[in-house]
Amino acid sequence: QMLLPETETSNARGNEIALNTSRSIVPNMFLVALSFAYFAKALSGSYMKSTITQLERRFDIPSYLIGVIDGSFEIGNLLVIAFVSYFGAKLHRPKIIAMGCVLMSIGTFIIALPHFIIGRYEFETSVRWMMNSTLDSSPCRGASAVDLTQDAALPQVPSTSCDGDSNLSMWIYVLLGNVLRGIGETPVQPLGISYIDDFASEENAALYVGCVQTISVVGPVFGYLLGSLCAKIYVDIGYVKMETITITPADARWVGAWWLGYLIAGIITLLSAIPFWFLPRSLPTSESRLPQNCTQEQTSFIKNSPHPKHKYQAEEHTNFLEMAKDFIPTLRTLLGHPVYLIYLCVTVIQLNSLIGMVTYKPKYIEQHFRQSASKANFLMGVINIPAVALGMFSGGLLMKRLKLNIMGAAKLAFGTSLIGYILSLFFFAMSCENAKVAGVTLPYNSIDEFSFDKHSVFTACNSDCLCSASEWDPVCGENGITYASPCLAGCTTSTGSGKNTVFWNCSCVGVAGNFTASAGQCTDKDNCDRMFSYFLALSVITSFIISLGGTPGYMFLIRCIKPQLKSLALGFHALATRTLAGIPAPIYFGAIIDTTCLKWGQKRCGGLGACRIYNTTAHRIAYLGLTLSLRTISFIICIPGFILLSRQMKEEEKCAAHGALTNGGTELELLRKEEFVTLKPTNQCTPRNTPR
């Protein structure tokens, strides 16, 4: 009988050790699992951004249609996010996140599917025609009567039918796959962040969220690097002989192995789902702050006391109909919060600017600074994204060190955004001249008048040639000027083959008619490389400064509403930003960028394809002007937001002071005294503030 108490004591100690081990391991496991899920979804999302120009060229579609495809991810979120955020908070959150990751991986695989269905990629090239001995090898085809209109067409290579063009509608699969990715991504953010915040201590919550957000920014680093690698590989690698490919990655017609990265991203996303299946519905509540010599009754009393004001425990047993009935009243309460509404408006406008800028930034680097898609993606991944990651982590750390309240977090987010905005104005000064393309960006000779609105690729020097105005097969003349095709350069003969082809007797290159032109666009960038270095340096600085306010802004969202509304607030915030920013921003940014196009590609069976060259000045003004105009509007809306927030905090302080004076903590003190009296003298745990 004497051994029984010792046995029970040792069993209790063993259970306590096991419970403490669980409390330390399980939260860390969830943090790691959520970080990996954030990494996977960020990698696939950034890879989508990096393949924009590749998809444009592969499916011969304009930028606004690419914007529709990019925005389809947000459409998937829109379909389910409100219900997932509300009902998911009351159910098994880790398993819902796991199902979402599986759906994301399936959607990513569907995006890559068109590559294995449609035929080989074909591009415009005069060299291909010369490889057929039955066709005239002279680029300039003489004709007695030449139609010098925009509709004049060069005889095409015989084609069995235009059925191949119908295959280009396979981009619909990319859109549908992206919608499925959006549906799968829905539970990761609202359920994951609220899950951590519910069970993390108040002082560590900001740091944990900062860690997760930082990992989510590390994902794009690898996403853009993967995009850079795949952009160097030809789209039909393994199916064609590379020596027969007459273009380089710097050519506007080049298409990389866009499909390969989606297969890799899909596998990584599928792996990220595995840990969530083995995690519990809720994390153990930390008891590190409980006194060590308390009895079981005291421990129970302290554990069952109210949680901190920002915590919310998920209900273990809930009825679906009851939850459904509470949804509309709860949503009405949330939308009746003025500070939350203004924050929502500001972030929607800011994200319109951010999403549009990030979506078309690689394209801007390619077109404005004449860099290859591979190099643009590499620089985005290696230089720009790490600055964002460092900024977000530093913002979370700074918030913890300074112990910022709601007002402090709002001021930090606003201040960093304003400084980044001022620095971004200098991007307007970092300009490069238009590429010198005869008949597109400059006249064939200095005598002719030229206008971007009414430019013509036809002139006297190529009047004896039957050329197509829509053809884009650029050659670089000996005079340093690019011509849209060997025919429009007036070239009559050629030597060599493939990338080494040289065209001779090009009448438009020189008056004597004995000047040559080589395959490909001229690479003369003047002093554009130096300006590009300045652009990258300023881009890194502004990205870091703006990102400093990312984590404080997110914590402001979590703290400005009641704890029971937290999951719904996060979900509705994501719903609003996706509906009003994620979906429309890429579309109207792309449509505005399309208006700056100077030379459109031509589909094999008619119709406009992808843009080949843009008006650099107009492109810069449209891209940067739209980005900064939206941010200007958001700053104006912030003014009433700060006024309302200040009033709200003053009212809360008055209420707290009034409650302390009237109640004096009487109820809590009585409970503590009652608990103190019922304890045995040998096991007493003296409360800190109990009167003697």
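The shown structure was predicted, so the numbers you read here are calculated from the model rather than taken from an experiment.
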Q | Any donor-acceptor N/O pair, Asn434 side chain to Asn615 backbone, under 3.5 Å | A | no
Q.
Checking the side chain of Tyr47 only, and the main-chain atoms of Trp258 only, is there a donor and an acceptor separated by less than 3.5 Å?
A. yes
Q.
When you measure from the side chain of Asn178 to the backbone of Ile69, do you find a donor-acceptor pair of N or O atoms at a distance under 3.5 Å?
A. yes
**Q.** Step-by-step ring-ring contact (aromatic ring centres under 6.0 Å, His included) determination, Phe369 to Phe535
**A.** CA-CA 10 Å; Phe369 299 102; Phe535 174 84; 4.9 Å; yes
Q | Shortest non-hydrogen contact from Ile66 toward Ile52 | A | CG2-CG2, 3.5 Å
(Q) For Lys363, run the side chain to side chain donor-acceptor pair (under 3.5 Å) check against His368, His619, Glu56 and tell me which one passes. (A) Glu56
Q.
Check whether Asn377 reaches the backbone of Tyr224 with its side chain - one donor and one acceptor, N or O, closer than 3.5 Å.
A. no
**Q.** Main-chain N/O of Ile592 paired with Thr596 side-chain donor or acceptor, under 3.5 Å
**A.** no
Q: Report yes or no: is the cationic atom of Lys41 (NZ for Lys, CZ for Arg) under 6.0 Å from the centre of the six-membered ring of Tyr38, at an angle within 45° of the ring normal?
A: yes
**Q.** Main-chain N/O of Ile349 paired to Ser353 side chain as donor or acceptor, under 3.5 Å
**A.** no
Q | Gap separating the CZ atom of Phe532 from the CD atom of Gln371, nearest 0.5 angstrom | A | 4.5 Å
Q: Check whether any side-chain N or O of Tyr364 sits under 3.5 Å from a backbone N or O of Arg620 as a donor-acceptor pair, and report yes or no.
A: no
**Q.** pair Ser539-Lys361: side-chain heavy atoms closer than 4.5 Å
**A.** yes
(Q) In terms of relative ring orientation, are Phe39 and Phe222 parallel, tilted or perpendicular, with 30° and 60° separating the classes? (A) perpendicular
Q) Does Tyr483 have any side-chain hydrogen bond (donor to acceptor under 3.5 Å, both in side chains) partners at least two apart in sequence or in another chain, and if so, which? A) Asn479
(Q) A side-chain contact here means heavy atoms from C-beta on lying under 4.5 Å apart; do Leu598 and Arg612 qualify? (A) no
Q. To the nearest 0.5 Å, what is the distance between CD1 (Ile621) and CG (Leu626)?
A. 13.0 Å
Q. When rounded to the nearest 0.5 angstrom, what is the spacing between CG in Leu225 and OG in Ser46?
A. 9.0 Å
Q: Mark yes or no for whether Ser272, through its side chain, and Thr269, through its backbone, hold a donor-acceptor pair below 3.5 Å.
A: yes
Q: Any chance you could measure Arg631, atom CZ, to Ser424, atom OG, to the nearest 0.5 Å?
A: 4.5 Å
Q) Is any side-chain heavy atom of Ile111 less than 4.5 Å from a side-chain heavy atom of Val174? A) yes
Q.
Measuring from atom CG of Leu65 to atom CG of Asp60, what distance do you get when rounded to the nearest 0.5 angstrom?
A. 11.5 Å
Q.
Return the CZ to CD1 distance between Arg370 and Ile613, rounded to the nearest 0.5 Å.
A. 8.0 Å
Q.
Tell me whether Asp251 contacts the main-chain N or O of Gly520 through its side chain, where contact means a donor paired with an acceptor under 3.5 Å.
A. no
(Q) Treating Thr51 as the side-chain partner and Gln54 as the backbone partner, does any N or O pair qualify as donor plus acceptor under 3.5 Å? (A) no
Q) In chain order, what residues pass the disulfide (SG to SG under 2.5 Å) check against Cys508, with sequence neighbours excluded? A) Cys461
(Q) I'd like to check the disulfide (SG to SG under 2.5 Å) partners of Cys611; sequence neighbours left out, ordered by chain and number. (A) Cys597
**Q.** Heavy-atom side-chain contact between Phe427 and Thr627 under 4.5 Å
**A.** no
(Q) Tell me if the aromatic rings of Trp254 and Tyr234 count as close, with their centers under 6.0 Å from one another. (A) yes
Q) Do you know which of Thr53, Asp594, Thr359 makes side chain to side chain donor-acceptor pair (under 3.5 Å) with Ser63? A) Asp594
